[in-house]
Structures are given as C-alpha cells and as structure tokens.
Number of protein chains: 2
Amino acid sequence: MAVSIKDIAKIAGVSPSTVSRALNNHPRISEGTKAHIQQLAKEMGYVPSSIARSLAVQRSATIGVAVTDLTDPYYIGLIQGIEKAIAAHTYQMLLNSFYRDPDRELEVVYDFHQRRVDGVIVTGSYIENIYLDPDNNFFKPVVIINSLTYPHSVAVDRATGMRKLIKHLIDLGHRRIAHVTQPRDGMERLEGYRVALEAHGISVDPALIVPCDGGIMGGLTAAPVLMNLAHPPTAISCFNDLTAIGVINALHRHKCRVPQDISVTGFDDLEMSAYYNPSLTTVRQPANRVGERAVEMLIRLINHKNNVEPEIVQPRLMFRDSTAPVSLSTATSS
Amino acid sequence: MAVSIKDIAKIAGVSPSTVSRALNNHPRISEGTKAHIQQLAKEMGYVPSSIARSLAVQRSATIGVAVTDLTDPYYIGLIQGIEKAIAAHTYQMLLNSFYRDPDRELEVVYDFHQRRVDGVIVTGSYIENIYLDPDNNFFKPVVIINSLTYPHSVAVDRATGMRKLIKHLIDLGHRRIAHVTQPRDGMERLEGYRVALEAHGISVDPALIVPCDGGIMGGLTAAPVLMNLAHPPTAISCFNDLTAIGVINALHRHKCRVPQDISVTGFDDLEMSAYYNPSLTTVRQPANRVGERAVEMLIRLINHKNNVEPEIVQPRLMFRDSTAPVSLSTATSS
DNA sequence: CTGAAAGCGCTTACAG
DNA sequence: CTGAAAGCGCTTACAG
C-alpha cells in the first residue's frame, strides 16, 4: 500500500540495504547517495513502518500503561506525568484503564505483552503477585505505582500523610474525628488515621468509619450517615478530595457550615481543591512527579540497569480553609 | 526470546502453518490437533506477537489519539469516551497530547502513521487542512473532534450553546454581560455571545471581552480587569467551567458575592461543576458521547463504509446557582 | 485436514 | 562504501 524501502531502492538503483542505511544515517555511507536517497524518500512520500522495524530489531519503543480509573482526576495527574516522560524518551504510550477489575487488569497487561511493548506501568495493581510469578510469561519489566511491596515501584507514603493530617485535626482540638474510607484503595490511609488517633490516646470508634466509592457521590452519601449519629463528629477526614467535596455538599444541605461547624479534609490536592469554596485542607500527592519517576524507573529496567530500588515519596500537607479549631458549641455538646 | 509458533510446531511435529491455524480457530483443522496445539501453546507459555501478525495482515488494531491538552478535564471526558469505545471494539489506543502546538500535533500524527495505526482521532486540530491534502501520505483515516469544516468530524454546536446561555442572562435582566474568551479555541463561543447580544439590541462593548488561557488562572486574572472597569459587568460568561471557577474565586476576594452581586456562567459542565459552591450555570458538552461517536465514525471509515457524515451535537443548558436576576443596586448604579 | 512457500517491511552480520 | 542473504514471527493462497 504505502511506499516501501524496496520501491525506493528500485528507483534509486541501489539495494534495499543501502536505502535502509541511508535513511538511518548509518556512518559508512557516502554523503552523495545518502542525500539522494533521503531526497527520493521524501518525494515518494515514504513513511517508514515502525512495525516492520520493531519486528526486526525486537523492540517497539512502546510502553503500556494500565490505569485504575480514568474518571478520577488523581490518576489523570499520574498520566500527565507519565505521558510527558514517555514522550521525552521518544517512546509511545498505549493506554488502558481497568476500572478496578482485576480480571480486566490482567487482560490489559497480557494484551500489552502480545503487542510487545518494551515495558508496562500499572497504577494501583490488584494482582501484583502475578507479575512476580516467573511462569506467567510476563517477560517485559513492569513498574507499579503505589505498591508498598512490589520490588519495582514508586509509591506515596499515604499512611504518613494521613497520620499527619489527623494530627493536625487533633491539634485543632478535635476528638471525634470521622474517616470516610474507600475499602479497596484506602487501607493505608485508614491505617494512618488509626495510628494517629491511638498515638494521642483517642480510641477508634467504628461508628465513625464509613465506606465510600471514592467519588463525589461517596461523600454525598457518607456525610448524612455520620451526621445522624447520636454523637456526631466535629471533623471528617476523607479518602480523597472528591469525597471531601461530596461531604461538604451534603453538609451544606444539612445547614452545617464548613469549617465553622465542622472541619473536613481531603487527600490528593487536585488543582481544583485550592479553589474550592472553602479551599480544602488536604495532602498533596505529587502525581505528575510520581508518574515521571515511574517512567524513569521503567526505562532503567528496559535498558537492563540493575540499580533500581523502590521509591517512596513523602506527601505534603496543605493547610487551607476547610479546617478550623473545634467549635465550642459543638465540642461541648459532644 | 519468547516462544514462537515455530517452537510449538517443532514440538508438536506439525508445520508452523498448522500451528497458526490451530491457534486462530481455523475452520478446516481437526479437533484433535487443534486441542493438542492449544494445550501445548499454553504449557510452553506462548504469547502471540501482534506485531508480527500486524505486519502479515497489514492492520494493527490500533487507533492513535492526539489530544489538545491532558490538563483540561474537558479533554479527559473525551478520552474516557474514546477509550471505552476503542476497548469495546478490541482496538488499542495510542495516546499523545500536543498541548496546542501545531508542530507537535503534526509530529504526533506522523508518528501514528509510522506505527501504522488503523486510524487516528484528533481533538481540536490546528492543522486539519494538512490531513485533507492528498500528498501528505496520511493514508489512514482521521476523524477530528470539534471541527466545523472537516468532512469526518463530530462537533458540539458551541455557538448555539453560548447564544442560549447569553439569552438566559438577558432574560434575567442583565445588559452588561462580559465574556472571558480563549483566543485559540473560543471563537465559536465568542461568536455565539455576539450574536445573542445583537439579537437583543445590545451593542457589543469590546471592553467587556477579555482573553484568558482556558484554565483557572485565566479566570483569576480576567476578573479583576473587568471589575476595575468604570462600568463593570453584572454578569460574566466564561470560556469554560475552569475559567468560571477562577473568576468566582477572584470575585470572592473582591468581596463580590455570586450570584447576588454578579452572575457567572461556565461552559463544559465538568462533574465538579454541579458541586461547586455556588453550583455552576453552564452548558453541558457531552464529552463522553462525543468521544464514542468519533470512534464509531472512525471505525466505519476503517472498514470502508462510505456513509459517514459530519455529526453535530447540540449541547444542553444547565441552570444552577451561579446566575440570578440582575441585582437592583448594581443594575441602577450602572 | 495439512504442508511448503512466499510475503509483510524492515535490519544487520557477513562478504567484498 | 555497498550488496546478497538471512531473519524477525506471523498469515494465507496454493497444492495436495
């Protein structure tokens, strides 16, 4: 269909080998023929086939990225960093989401292998052990984002982030602090919450821990559950910023003011969160940077550098307007 | 490196052709050998090479997607729809952004052609004429999202959306209506703004039209410019929701209440916008659906169906809490 | 139902 | 500096 190296060779009166070398700036080729062939290629509208090249050289210059959820802005931040770094290294990105379905995750990564990507990145894997098992034919390196156990991973220390955030609330005088958790991905944060409370001699009240789906809707449904408690919280720490926004919306409907009547915290620090009303106190996960680091790590692995170590990055607290000292009225009434 | 069809053939004692057919469920193959070979393939950890297959069958089952800006949630909505539809058709997606750089757009699409994608989708192209030019060797179909002139495109009628939105403001009594525009991508919306004003006998005041970058920051800087006018607006229509959020933030800093003192409108209807405070009056662009439609159209083109016509989808107005009747004080003072 | 052969479009060690 | 040949891992028309 398209013009090939052979077509050019025929017209130029040289061998295909020569055309290939001319096009690839091979050192041992006369300047004359090189120029001529490159000119000819342009005229003939030659577009090299990377797929034929990939077959010959046994690398595709492609990285497969399997992402947890395209609907969650946090993962988008990861993708931004990944895409930028991949492009900077002149790779291409095959992108797929698996929407928290382990079977789909496996399918996607298997398909990446069929397509002979040079490596894969997966965010929030549910099946990381499978990648470790040698007889699964996953013969390409895979880097996992946000695993604490996988050897090739870059992760944010969320437990510590949440622990500090809860400490902030305690310092503000809060004692009844709720946590809206996401059962699949929120275990580290929940742990940080527990550790912080216990470190301050506050016992964990199971009634104050409610599950959510990780989106705005989850916050919307979680808040009423908490506010209808006989003994409601004075602060609500949320799985992420989206949940916090849902919680704040529900609170407003309950005529609860944030932060005057109740404090609310997020997690992620989405771009929007600084401009929400009230602006969100939250934990910044440096998603772009984590994405970039994952690509760097993967490329080291692809190039068989063996000095790769798991990376853990510390998140940073962002104190803003959605938290305040516990209000006297609420605190005494509780 | 990995096991190939030939390896299997050797062990099974059949020809590679037979292995290929067994693996592909070819009709004329005995059940016995088929089962045996499939079993063997599994045992040997065979992972077929789609890249070799692509070379042989001359299709890659891959679609290239070039997207304007990965940082803008509107485009993410498009990508969600695209990814879903691509996966449903068992294609794979190669994703790249070009961040509004026409040269980069061309590079990306050229690279897609090198990789022999079966088709490409580009959002908000800056170089659509190039795709039309027959001697550019773009021998694969390309569908453009949001072009009004390209023959294979699906677009939202933004001019009409904006026109209706402005009419809504006029119906609320507003006469001094500003528009925060984005010079590259906002021309249709600006046009809708103009047409609406003129249709109601309101002359367009150039001082009320200010440019922005399409993000929150743009709104943040545009609002003060408008409020410092001798004759400030009573309503501000924004390029998109992000801009509106920036504008509202800046307004709050100016001690202006939205919508009591001034109305603000967005465009896009991001998920967040219904949960912003105040919730945003805006125009919904059905990004997911547009993305899906673009994939459907592209696949028709790939399969050489010739009944493809440009699609234009009508957006829908979402009336919420960021707009209100013009306040008497402000209106009379102006 | 199965095999030998040619081909997809490149690259690259080996000769010259 | 250039060419002939083999190979990357598949598919598929042509015979049998």
Side-chain angles (χ1 to χ4, degrees), chain A residues 1-38 40-41 44-62 111-118 137 139-140, chain B residues 1-38 40-41 44-62 111-118 137 139-140:
Chain A
M1 166 196 219
V3 4
S4 77
I5 243 176
K6 237 193 270 176
D7 301 323
I8 301 179
K10 206 162 296 170
I11 299 208
V14 298
S15 76
S17 325
T18 301
V19 174
S20 171
R21 287 191 268 248
L23 261 18
N24 290 302
N25 279 308
H26 187 95
R28 278 201 308 271
I29 193 115
S30 79
E31 282 304 323
T33 53
K34 187 202 284 187
H36 177 220
I37 286 169
Q38 290 186 348
L40 212 53
M44 299 174 65
Y46 173 67
V47 179
S49 164
S50 357
I51 127 132
R53 167 166 236 280
S54 298
L55 186 60
V57 305
Q58 296 287 81
R59 51 165 253 135
S60 61
T62 305
D111 190 46
F112 286 159
H113 277 79
Q114 287 197 171
R115 285 165 185 272
R116 296 296 189 266
V117 298
D118 296 328
N137 322 310
F139 39 79
K140 301 292 183 176
Chain B
M1 167 200 219
V3 4
S4 77
I5 242 177
K6 237 193 270 178
D7 302 324
I8 301 179
K10 207 162 294 171
I11 299 207
V14 297
S15 75
S17 326
T18 301
V19 175
S20 171
R21 287 191 268 251
L23 260 17
N24 290 301
N25 277 308
H26 187 94
R28 277 201 310 271
I29 193 111
S30 81
E31 284 303 323
T33 53
K34 186 203 286 187
H36 177 221
I37 286 171
Q38 291 186 345
L40 213 50
M44 298 174 67
Y46 173 66
V47 179
S49 164
S50 356
I51 126 131
R53 167 167 237 281
S54 298
L55 186 59
V57 305
Q58 298 286 81
R59 51 164 253 137
S60 61
T62 305
D111 190 47
F112 286 159
H113 276 80
Q114 287 197 172
R115 284 165 185 273
R116 297 295 187 268
V117 299
D118 295 328
N137 322 308
F139 38 78
K140 300 293 185 177

Notebook entry, point to check: Of all residues at least two apart in sequence or in a different chain, which pass the side chain to side chain contact (heavy atoms under 4.5 Å, CB included) check with B:K6?
Noted result: B:S4, B:P16
Checklist line | Base-contact (B) and sugar-phosphate-only (S) positions in nucleotides 10-16 of chain D, heavy-atom cut-off under 4.0 Å, - elsewhere | finding: BBBB---
Notebook entry, point to check: P atom, D:dA5 versus D:dC1: distance in rounded Å?
Noted result: 23 Å
Check: Whole Å only: how far is the CD atom of B:E31 from the C1' atom of C:dC1?
Finding: 12 Å
Note to self: Would you say that A:N25 contacts A:Q38 through its side chain, given a criterion of any heavy-atom pair below 4.5 Å between the two side chains?
What the structure shows: yes
Checklist line | Euclidean distance, B:K34 NZ relative to B:N24 CG, rounded to 0.5 Å | finding: 10.5 Å
Note to self: Show me the dot-bracket string of DNA chain C, counting Watson-Crick or G-U pairs under 3.5 Å, with | for pairs to another strand and [ ] for crossing ones.
What the structure shows: |||.||||||||.|||
Next item on the list: Would you mind reading off the distance between A:L55 atom CG and D:dA6 atom P, rounded to a whole angstrom?
Entry: 18 Å
Item checked: Distance, rounded to the nearest Å, where B:H26 contributes NE2 and C:dG3 contributes P -> 13 Å
Notebook entry, point to check: Between D:dG9 atom P and B:L23 atom CG, what is the distance in whole Å?
Noted result: 15 Å
Next item on the list: Report the distance from atom CG of A:N25 to atom P of D:dC1, rounded to the nearest whole Å.
Entry: 13 Å
Next item on the list: Using only side-chain N and O atoms of A:S54, determine if any of them is under 4.0 Å from OP1 or OP2 of D:dC8.
Entry: no
Item checked: Distance, P atom - from D:dA13 to D:dG9, rounded to whole angstrom -> 23 Å
Next item on the list: Without swapping roles, check the side chain of A:R116 against the backbone of A:T62 for a donor-acceptor pair under 3.5 Å.
Entry: no
Checklist line | Stepwise side-chain hydrogen bond (donor to acceptor under 3.5 Å, both in side chains) check, A:T18 with A:S15 | finding: CA-CA 5 Å; A:T18 301; A:S15 76; 3.2 Å; yes
Notebook entry, point to check: Any donor and acceptor pair, going by atom type alone, linking the side chain of B:S60 with main-chain N or O of B:S54 inside 3.5 Å?
Noted result: no
Item checked: CA sep, side-chain torsions, deciding dist, call: B:R21, B:S17, side-chain contact (heavy atoms from CB on, under 4.5 Å) -> CA-CA 6 Å; B:R21 287 191 268 251; B:S17 326; 3.5 Å; yes
Notebook entry, point to check: Would you say C:dG7 has OP1 or OP2 under 4.0 Å from some side-chain N or O of B:Q58?
Noted result: no
Margin query: Rounding to an integer number of Å, can you tell me how far B:I29 CD1 sits from C:dC1 C1'?
Written below: 7 Å
Check: Rounded to whole angstrom units, what separation is found between the NE2 atom of B:H113 and the P atom of C:dG9?
Finding: 16 Å
Checklist line | Min side-chain heavy-atom separation A:Y46-A:I5 under 4.5 Å | finding: yes
Next item on the list: Heavy atoms only: give me the nearest B:M44-B:V3 pair and the separation to one decimal.
Entry: O-CG1, 3.1 Å
